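Heavy atoms only: backbone and side chains are in, while hydrogens, waters and symmetry mates are out. Note that the coordinates shown come from a computational prediction; the quantities given were computed from them, not determined experimentally.
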Amino acid sequence: MLSNQAGEGKRASLHGHWSSKMAFILAVTGSAVGLGNIWKFPYIAGQNGGGAFVLVYLVCTVVIGMPVMMSEILIGRRGRRNPVATMELLGKEEGSSGHWRWVGVLGVIGGSLILSYYSVIAGWTLGYVVKSASGVFVGASVEAVGAEFKNFVGDWRIIGFCHTLFMALTVFVVTRGVERGLEQAVRFMVPALLVLMLVLLGYSMNSGYFGQGLSFMFSIPESCMTLAPECPLTWDSVLAALGQAFFTLSIGMGAIMAYGAYLPEDTSITGASAAVVTADTGIAILAGLAIFPLVFANGLDPADGPGLVFQTLPLAFGQMAGGVFFSTIFFVLLSFAAWTSAIGLMEPAVAWVVEHFNKTRAQASLLIGGLIWFIGFGSVLSFNVLADTTFLAGTLFDNVDYLTSSIILPLGGLLITVFAGWVMCRNSTADELGSAGTLYKAWRVLVRFIAPIGILFILINAIT
Ligand code: PFF
């Protein structure tokens with residue numbers, strides 16, 4: 001829970017502080033672990049050919065994701081305000097400019113746009129709780145499960161209703177304050193999700209196709225090792241891997257900055273970041289290992305897209321003893337995971353409206369939530385009425401996803417590394433990270449050179 005004490009002589013957050021390091025780690029893990037790990041990672045790894053993509057994603061996570069996460073937390077804790085005000089304050093304090101607030105604004109826009117479609121997919125998981133409990137998947141064939149999914153997303157009224165329900169649940173929690181209840185929910189949800197993923201993994205290992213799944217996820221084509229032109233990994237896939245690293249860690253848009261604002265002074269930022277990155281990446285890999293063998297065992301296409309998890313997992317549960325129970329619990333947990341992430345997605349915008357426009361938390365949540373709910377109908381309709389209306393990256397949903405994951409998050413991450421590495425002075429960052437030792441030096445090299453150059457290089461190559 002949050003208390004109202006700041007470190008001595010330092011700024012205090014207007015919204016209070018996390019009571020312990022564990023509370024903070026749980027909240028950030030709750031934000032990081034979500035649909036990105038279980039729904040998105042397998043389907044974009046599938047669309048981008050598997051092994052080589054997974055390797056690039058892992059490298060991006062360690063070399064770029066981890067230093068960006070540490071930067072966001074330290075910036076947040078130093079500013080102790082919403083991301084827009086924090087960037088403005090620190091920009092001025094560090095002798096640069098208040099215009100750095102635009103990084104915060106980019107995050108507010110990015111988070112709101114992500115939530116607009118995130119809520120739609122989270123709505124699907126709610127729908128699948130009901131479907132699982134009704135027993136429709138028991139003994140169902142590949143075709144039947146596929147048809148069930150098509151009919152479900154094909155009706156905009158049903159998925160529109162699920163999206164509305166999920167947004168209402170999110171606004172409800174955000175209205176009451178980020179901290180209340182969140183800690184308990186995450187404390188229970190992450191371990192429970194882990195156990196169910198292990199059950200699925202056990203099932204998958206016995207499917208007879210585990211080797212094929214493993215090889216799809218981890219073997220890298222010869223042509224990519226030698227950087228030959230036949231390598232299936234394009235710059236677009238590399239950007240997708242970078243975007244996925246940002247998306248799944250909830251970085252590049254100020255969400256972690258907003259959480260960092262409530263972090264007590266004596267918590268190790270490096271330790272907390274390492275714990276979150278490990279848990280988040282572990283769950284994504286576990287999801288991949290559980291899903292790909294099932295994809296091959298059932299003759300499905302790994303590049304099938306957003307419906308992948310909603311078609312493979314019910315099929316597996318449908319054949320398992322106790323499947324109705326496991327399947328229902330699984331989708332309940334996934335909805336929970338999405339819920340704790342959705343709260344993180346709304347937090348920068350809500351904190352900003354509260355502080356900047358002097359609104360109450362309830363007013364701000366309703367206002368922002370209503371707007372996001374409305375925008376979300378663009379994604380609801382992308383799977384039915386507007387499924388054939390495509391431009392640039394595909395449907396409206398594809399475009400919002402591309403704009404946010406592949407452009408806004410990497411761009412936000414780039415600006416955050418430039419700010420933490422070049423604008424903030426050595427004393428400020430060393431003060432927050434608590435040492436000027438080897439670990440600090442490594443972080444500084446990553447944040448000043450490797451991460452920004454890497455992001456820029458990938459962005460330029462993919463877009464031109
Ligand atoms: N990290 C979340 C997931 O993997 O589902 C998505 C997310 C949550 C992104 C919060 C950004 C954020 F601020």
L74 CG to S71 OG distance, which is reported to the nearest 0.5 Å: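 These two atoms lie 5.5 Å from each other.
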
Pi-cation contact, F137 with K131 (under 6.0 Å, within 45°):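 Verdict for F137: no cation-pi partner in K131.
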
I want to know whether [X] and [Y] have ring centres closer than 6.0 Å.
X    : Y    : result
W39  : Y43  : yes
F310 : Y128 : yes
F331 : W124 : no

Test log, rule ring-ring contact (aromatic ring centres under 6.0 Å, His included), inputs Y262 and F24: CA-CA 8 Å; Y262 317 135; F24 174 75; 9.2 Å; no

Pairs flagged by side-chain hydrogen bond (donor to acceptor under 3.5 Å, both in side chains) wherever residues 194-220 is involved - sequence neighbours left out: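 Output for this query lists Y203-Q319.
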
Test ring pair (Phe, Tyr, Trp, His ring centres under 6.0 Å) applied to F330 - qualifying residues, sequence neighbours left out: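 With sequence neighbours excluded, F330 shows a ring pair (Phe, Tyr, Trp, His ring centres under 6.0 Å) to F317, given in chain and number order.
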
Let me have the donor-acceptor pairs involving side chains of residues 271-281, under 3.5 Å, with sequence neighbours excluded, atom names and distances please.
{"residue": "S273", "atom": "OG", "partner": "I269", "partner atom": "O", "Å": "2.8"}
{"residue": "T278", "atom": "OG1", "partner": "A274", "partner atom": "O", "Å": "2.6"}
{"residue": "D280", "atom": "OD1", "partner": "N37", "partner atom": "ND2", "Å": "2.8"}
{"residue": "D280", "atom": "OD2", "partner": "T248", "partner atom": "OG1", "Å": "2.8"}
{"residue": "T281", "atom": "OG1", "partner": "V277", "partner atom": "O", "Å": "2.7"}

Under 3.5 Å donor-acceptor, S405 side chain and Y402 backbone: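 Checking the backbone N and O of Y402 against the side chain of S405, no donor-acceptor pair under 3.5 Å is found.
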
Side chains of I291 and V309 in contact at under 4.5 Å (non-hydrogen atoms):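 Side chain of I291 against side chain of V309, heavy atoms only: contact under 4.5 Å found.
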
W373 and F377 aromatic ring geometry - parallel, tilted or perpendicular at 30°/60° bounds: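 Perpendicular, since the angle between the ring planes exceeds 60°.
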
